[in-house]
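Notes follow once the structure below has been shown.
Numbering of ligands and ligand atoms starts at 1, following listing order.
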Amino acid sequence: MTSENSYWVRLDKALSIEIERGFINIQGEQYQFSEYLRLSFSQSLSDKTPNSKKQRWLQFAERYASYSNLTLPQRKQLIIETRQFLHKLRQDFEISVKRSDYRQPKTSTLINIESILSDELNLEQYLHALQGIGPRKIELLEKIGLETIRDLLFYYPRDYINYARQVTISNIKEGETVTIIGRVKRCNFFTSSKNKKLSILELVVQDHTGEIKLNRFFSGNRFTNKGWQEKQKRQYIRSTVIAVSGLVKQNRYGLTLDNLEIEVLDDFNSSIESWNIGRILPVYSLTEGIDNNLIRKIIISNLKSAKTILDPLPILLKSKYDLIDLKDALINIHFPTSLDFLERARRRLIFDEFFYLQLGFLKRRQERKVLKTINSFTPNRYLTHQFNKLLPFELTKSQRRVINEIIKDLDSLQSMNRLLQGDVGSGKTIVAIFAILTTLESGYQVALMAPTEVLAEQHYNKIVLYFNQLYLSVELLTGSTKKSKRNEIYRQLLTGELPLLVGTHALIQEPIKFKKLGLVIIDEQHRFGVEQRTRLLNKGKSPHVLSMTATPIPRTLALTLHGDLDISQIDELPPGRKAIETKVLIGNQKQKAYELINQEVIQGRQAYIVFPMIEESEKLDIKAAIEEHKKLSKEIFPSFSIGLLHGRLNALEKNKVLNDFRDNKYQIMVSTTVIEVGVDIPNATVMLIENAERFGLSQLHQLRGRVGRSSFSSYCFLITSTKTPNTLEKLNVLEQSQDGFFISEMDLKLRGPGTILGTRQSGLPDFALASLADNKEILELSKLIAEKIISSDIKLNSFPLLKRELQYRSMRL
Ligand code: ADP
Ligand code: MG
């Protein structure tokens, strides 16, 4: 339970052994008995101990110093006196624990379990070391991950019951948790005649506004004992003042309190001593065999070790940014003295969750920048200038801003590591070409890697158009590239004749060597593993890296996942793009969508029909797609030809289907979600998505982006059979917005970060308290403070506590 307790237990044990052995001043492992006692009594007691006791305590130290000179009876006498004294001290301590139990709101050290001995508790100490928890409980606690005192303190409640609100009896309302203080008007205790195991304490309590009838139920034979019941009743004789906390509930006789806790008070003005009455109570996630009261008790008895925690956060920063001290935060997250304090505790602890993450990111990022430098680029701007002239359109403001950010990085002496986020069609490829040309101008080569052949080919096709006009060469390397072609590519890369290679994983799977690789571009970077990226980077000497994604994620998520990257965002579409008219259709309204598809195809356009795919049941999904394909071909659109694309096709087959669709050999394409991010077939103007509720918003937005790629009006139908308001509300977001950043924000709010990222590669840290949807401000603050600290001392040598905590937390991740 407490360190004092274990301390006493050790002293007591020493005394017992000495008695058993016949007062021979036994030799322990380290000390002789008398020396051990002398040392123990030389430790100072806490300030709260009365002076008389302090003096006696120290006298014992003196007396044990001369123990070896005492006669046997004198030794016996001394030991008896010692035990009596310790017993008293311990009683005092236990009472002081009870009295001081959280009855000091408004001060910052809210909990005042004073130790009698100086505190030696160590946060990393295992719970085994504590008194009062048996091995079985310890095992259960370990099951929920609680092994050390630190684990316990950082095991935050999942909820609270607020008994802090004290109300008069006439003011209670059903459903509220309250505390009332009143006088006992009547008390009765009896065993139910219907259920012999159930005993009931019945109280009628009164205050100046009214009265209320309360029942407390006791189940089990041991409560049926008449004598015991009488004893209970005597506590509640007429006029006794009691405080009662509970949940207001309606029963046959009117309002009453449920789950009640009662404390007898001296009078109306005396304070409540119980830790579970009249305050805000924590509610924890439990496991079988561990109830809330047990966890509360264990945590309370360890909360005082929170006082020994030194806050790693510099005090000036704390006061400047209104962050409370770590120990106060820990104490108040468990046993808040007010809702306000709870809020401040949460703020501080959420801050910490973000802060150490940001600190780690920034530290790594700075270290990398200091270490790795690339030969400096000296671009002559000739190619970029020419390219600018070739462009048939004006760059958007976002594109210009992002291009500048990238070129600035490329011109600097440090390796770029930047993520470019932009919605489908926002013009990322153009931006990438600027980065490529800047690299070529300095005499370096570029590798661009995309996750699929289709995407690689599309990039290649776009780039080659411009490269031809700039008299530059570019090659495409995929699994399907012919051997002779491949060998020629290897050769040209080695001599440096080939400045740009676009391709798939083939780029890293094959024995490719560059003469002078200066920039690596990775499209849809989240589809590659760390190792794959690293392998591409290792083909140059710390080349610049530009990652791209058309799946924009909210800034909070980006900071949490990619805090070690610089982030550029293209947050507008080129002008003149028409919004894709989006409609949610329920069940049999699907006919409307089919009619529209019919019209569009007759006018020469094309359509996608997409079925969701869930990894576990890929087979079934494919089967559904195949059957639907049959049905659509035979019954619904018999005069059109319909292609079918699914995950079981190999790359070659997929390419053929897609190319045939591109060539309008199919008017409609039925597909599982293998329809790739970035597939660009401008003539397609309708996207129909079946079982839309099975997708995340970001994913739906991504799919929708397959249409609206031309000057024709485009349409998206989200078909769903569920009528739950939540689902419809979610899908309606897509009817209303075309902005990928906004949609991903909504996705984050509605479904949490996991679904935006796809569970497979989320890599998100577990936050106990922080929410990426709701705690933006704190996240930004944590980043700001981390930046301040790292810029003042990248090695953190002047912040040893921070350094240690950072190490500790990154180890745990
Ligand atoms: P993303 O890769 O972000 O999906 P792309 O770079 O492929 O977008 O651009 C989509 C289409 O928009 C391309 O046809 C491209 O030529 C065109 N485009 C890019 N930037 C602009 C712009 N500023 N104004 C008009 N059209 C643009
Ligand atoms: Mg693109």
Side-chain angles (χ1 to χ4, degrees), residues 384 386-406 418-438 446 448-470 474 476 500 502 504 521-527 546-553 558 567-580 608 658 662 675-685 687 698-712 714 716 738-741 743-744:
T384 38
Q386 292 300 311
F387 177 55
N388 226 337
K389 283 204 279 188
L390 288 177
L391 284 178
F393 45 71
E394 289 269 310
L395 293 172
T396 62
K397 231 168 97 192
S398 285
Q399 281 174 315
R400 281 205 303 271
R401 187 191 64 238
V402 164
I403 289 167
N404 280 333
E405 287 167 355
I406 292 172
R418 190 170 279 281
L419 172 66
L420 173 59
Q421 291 200 78
D423 232 325
V424 189
S426 61
K428 292 184 294 297
T429 311
I430 302 295
V431 170
I433 295 176
F434 272 97
I436 292 168
L437 295 177
T438 306
V446 179
L448 190 165
M449 183 164 74
T452 65
E453 287 201 13
V454 176
L455 280 176
E457 217 177 296
Q458 274 178 20
H459 278 300
Y460 173 80
N461 288 334
K462 276 188 200 168
I463 291 170
V464 82
L465 274 178
Y466 292 109
F467 266 45
N468 283 340
Q469 298 174 72
L470 294 166
V474 48
L476 175 69
L500 170 62
V502 176
T504 56
I521 300 178
I522 302 177
D523 192 24
E524 297 306 325
Q525 51 91 29
H526 56 280
R527 311 232 333 228
L546 178 65
S547 306
M548 302 201 290
T549 176
T551 316
I553 56 176
I567 297 176
S568 290
Q569 293 186 173
I570 308 184
D571 38 25
E572 66 186 311
L573 294 180
R577 290 274 162 83
K578 284 188 193 147
I580 301 161
Y608 296 98
L658 269 173
R662 197 188 304 275
I675 180 91
E676 297 299 345
V677 169
V679 167
D680 187 12
I681 299 172
N683 194 46
T685 54
M687 167 62 66
S698 300
Q699 228 183 332
L700 290 170
H701 176 62
Q702 219 6 283
L703 284 169
R704 176 169 64 178
R706 301 306 104 227
V707 297
R709 305 176 80 88
S710 64
S711 54
F712 302 114
S714 289
C716 174
Q738 313 267 335
D739 175 349
F741 286 98
I743 289 167
S744 68

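When all heavy atoms of Asn461 and Val464 are compared, the pair lying nearest together is O-CG1, 3.4 Å. The two residues Gln738 and His701 have their closest heavy-atom pair at O-CE1, 3.3 Å. The minimum heavy-atom distance linking Leu470 with Phe387 is given by the pair CD2-N, 4.0 Å. Leu437 approaches Thr384 most closely through the heavy-atom pair CB-CG2, 3.9 Å.
Atoms of ligand 1 lying under 4.0 Å from any heavy atom of Thr396, numbered from 1 in the order shown and given with element: 23 (N). Atom numbering of ligand 1 starts at 1 in the shown order; those under 4.0 Å from a heavy atom of Ser426 are 3 (O), 8 (O). Per-residue contacts place Gly427 under 4.0 angstrom from the following atoms of ligand 1 (heavy atoms of the residue considered): 1 (P), 3 (O), 5 (P), 6 (O), 8 (O), 9 (O), 19 (C). Ligand-side atoms of ligand 1 in range of Glu394: 22 (C), 23 (N), 24 (N), range being under 4.0 angstrom from any heavy atom. Against a heavy-atom cut-off of under 4.0 Å, Lys462 is close to the following atoms of ligand 1: 5 (P), 7 (O). Interface atoms of ligand 1 facing Thr429, defined by a heavy-atom separation under 4.0 Å, are 2 (O), 5 (P), 6 (O), 7 (O). Remark: ligand 1 atoms within the under-4.0 Å shell around heavy atoms of Asp423 are 3 (O). Interface atoms of ligand 1 facing Val424, defined by a heavy-atom separation under 4.0 Å, are 4 (O).
Expressed to the nearest 0.5 Å, how far CZ of Arg704 lies from OH of Tyr608 amounts to 15.0 Å.
In this structure, the side chain of Gln421 engages the main chain of Ile553 through a donor-acceptor pair within 3.5 Å. Using modelled atom types, no side-chain atom of Gln525 and backbone atom of Thr549 make a donor-acceptor pair closer than 3.5 Å.
Ion pair Glu405/Arg418 flagged as a salt bridge, since at least one NZ, NE, NH1 or NH2 atom sits closer than 4.0 Å to an Asp/Glu carboxylate oxygen.
When non-hydrogen atoms are compared, ligand 1 lies under 4.0 Å from the backbone of Leu395 (N, CA, C, O) but not from its side chain.
With Pro574, Gly422, Ser710, Pro682 as candidates, the residue nearest to atom 24 (N) of ligand 1 on a non-hydrogen basis is Pro574. Relative to atom 20 (N) of ligand 1, the option among Lys428, Glu572, Gln399 with the closest non-hydrogen atom is Gln399.
Annotation: Gly425 places an N or O atom under 3.5 Å from an N or O atom of ligand 1; distance criterion only.
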